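Report on the structure given below.
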Amino acid sequence: MPSRPGMWAIRGPLSRNQYWLFAALGLLAPLALWWLVSSSALVDKVFLPGPVDVFNRLVTWYMDDDLTSDIGISVYRVTAGFALSAIIALPLGLMIGTFRPVQAMLEPLTDFIRYMPAVAFIPLVMLWVGIEESSKISIIFIGTFFQMVLMMAEDVRRVPLAQIEAAQTMGATRGESVRLVIFQSAKPALLDTLRVTMGWAWTYLVVAELVAANSGLGYSILKAQRFLQTDKIFVGILLIGLIGLVMDQLFRLAHRKAFPWLHLRS
Amino acid sequence: MPKISIQHVGKVFGEGSHRVEALKDVSLDIADNEFVTFVGASGCGKSTLLRIIGGLEYHTSGEVLANGQPVAGPGADRAMVFQHYSLYPWLKVMENIKFSRRLKHGREDITSAEVEAASGRADALLSLMGLNAAANAYPNQLSGGMQQRVAIARALMGRPEILLMDEPFGALDAQTREVMHDLILHVHKLEKPTLAFVTHDVEEAIYLADRVVLMAPRPGRIDTIYEVPLPAEREQDMKHTPEFLRLKKEILARIRETSGMKTDQGMLDQLNMEAAS
Ligand SMILES: Nc1ncnc2c1ncn2[C@@H]1O[C@H](COP(=O)(O)OP(=O)(O)OP(=O)(O)O)[C@@H](O)[C@H]1O
Ligand SMILES: [Mg+2]
């Protein structure tokens, strides 16, 4: 009787239970290692607080230092910067990926700008937009927008030509081809691009909150460093990671709900 | 009046050192309701010619008339079926088939009688293609053969007078191809489109066609046109008749001659010697 290939076969199968087992292992092993090293008196608590210290700090931050509003303001900044760049990047990406003159005009420029370090724009942003909320949103925008445009343009270019030409031979106008074929066909890839760039938006949060902020997770991490509150730095980093993970999962869920035909086989 | 009239058509891709003369002085008339297949060595311009008729590629000299009108771009009168990736994976089978109606719907007011007629036609095409059970499936749930049936049904939905097919069965296995051959002949009889069909498979080309057009490469041109000496009503058994086999042999030999890819005996000898040493 032919036997089912084992999970260590190349691209072998993995049952649901096995998946969760390995996922738990992957998550718990570093945690255990962390706990072990931090409690072993090898390292000073100032450099490496243990899981328990970090948890206690989380609780006091929540009870006494208004963690909720720090999270709230950070989520707001990331979401606003990200949404702004998505709203502008989407039509631009669609145009670049569809019309060659637009591509020629905008792609080299975008490519150039995206290699400029977003961090280096901070002084300019402060000069131009001031130090209000808008400056933090601007930095997150600068950090994500140019990458997003290029990735979206690529998503649009990947639409098979045959799909577009089939519509044309059915009498579709240029606008109909863009709306009913190119956009529809690229949508799943575009949503994936949003998911990936959302991650980058979070990494720019800390940078953005360098700018004269007095609230937010990134700001708290920076301030904690000044007071050597290593445990608070840990809490901040872990929270940002956790929020990112949740958002990522929400995007994946939306992907499954919006594009059922892509998830029929797995 | 011929349904499609190709007059001294030339097509040059690129310029300078990238210049490729894909077609040179191609002339051909295709009659209403005729079934013409195109064969020839790879790169001889079959796809290019078909795409020019479809208006997806422009020609650099000569003239192409469809229904007596110069071809100036793609249009719903000339539907096209591609080899790959042309179905819309986000639409269910029925929605794919009705895509051309949806275009129309967005543009003009449509009476409920028209909507009903369209639904009726979509249903009829679905049955004709044997796809009834798949109406609500997504394309990626279907086999390759079924996907091509959907593509054909979708192309037929707008009642095109001309149907252009570029190796539509190229990716299918031999058994499925045979089924598709009889299906497309049935469609041709029923819907009476004029059919231009590109293929690599000489047997397929003969079995389906009234005329087989053999093209030759560098520059792409029409080499020979063969009338197929078979009764209008085709049956699979005819593939074994002497006249079928003779024509097949003749066409294959001519493709080999025109392809310019003769087996180089000197090269073979050298390879053999190297292998031996
Ligand atoms: N978009 C293009 N740009 C440049 N050259 C092209 C283009 N399309 C086709 N060609 C060239 O034109 C010639 C004819 O190509 P075409 O695709 O029409 O051949 P074909 O007969 O369909 O070949 P095959 O049997 O391999 O499909 C080839 O030399 C090809 O390289
Ligand atoms: Mg071809």
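Hydrogens, waters and symmetry mates play no part in the numbers below; they use all other heavy atoms, side chains included. Note that the structure is a prediction, hence the values are computed from the model and not measured. Chain letters run A, B, ... following the sequence lines, proteins first and then strands; every chain starts at 1.
Interface remark: B:Arg154 contributes backbone and side-chain atoms alike to the contact with chain A (heavy atom separation under 4.5 Å).
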Point to revise | Check against ring pair (Phe, Tyr, Trp, His ring centres under 6.0 Å), B:Phe197 and B:Phe169 | key: CA-CA 10 Å; B:Phe197 187 110; B:Phe169 310 140; 5.8 Å; yes
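Not counting sequence neighbours, the partners of A:Ala118 by the side chain to side chain contact (heavy atoms under 4.5 Å, CB included) test are A:Ile142, A:Tyr204.
Comparing B:Gly75, B:Gly158, B:Pro139 by how many heavy-atom pairs each has under 4.5 Å with chain A, the most go to B:Gly75.
Side-chain contact, A:Ser15 with A:Gln18: a donor N or O sits under 3.5 Å from an acceptor N or O. With 3.5 Å as the limit, one finds no donor-acceptor pair spanning the side chains of B:Glu34 and B:Thr194.
Heavy-atom proximity under 4.5 angstrom to chain A picks out B:Pro89, B:Trp90 from residues 89-97 of chain B.
A cation-pi arrangement is not found for A:Lys257 relative to A:Phe259, the charged atom failing to lie both closer than 6.0 Å to the ring centre and inside a 45° cone about the ring normal.
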Donor-acceptor pairs under 3.5 angstrom involving side-chain atoms of residues 83-111 of chain A: please list them, not counting sequence neighbours.
| from | atom 1 | to | atom 2 | distance (Å) |
| --- | --- | --- | --- | --- |
| A:Ser85 | OG | A:Phe82 | O | 3.3 |
| A:Ser85 | OG | A:Thr144 | OG1 | 3.2 |
| A:Thr98 | OG1 | A:Leu94 | O | 2.5 |
| A:Arg100 | NE | A:Gln103 | OE1 | 3.1 |
| A:Gln103 | NE2 | A:Glu107 | OE1 | 2.9 |
| A:Glu107 | OE2 | A:Arg157 | NH2 | 2.9 |
| A:Thr110 | OG1 | A:Leu106 | O | 2.5 |
| A:Asp111 | OD1 | A:Arg114 | NE | 3.0 |
| A:Asp111 | OD1 | A:Arg114 | NH2 | 3.0 |

Name every donor-acceptor pair, under 3.5 Å, that has one atom in a side chain of residues 58-66 of chain B and the other anywhere in the protein, sequence neighbours excluded.
| from | atom 1 | to | atom 2 | distance (Å) |
| --- | --- | --- | --- | --- |
| B:Thr60 | OG1 | B:Gly10 | O | 3.1 |
| B:Thr60 | OG1 | B:Val12 | N | 2.9 |
| B:Ser61 | OG | B:Gly10 | N | 3.3 |

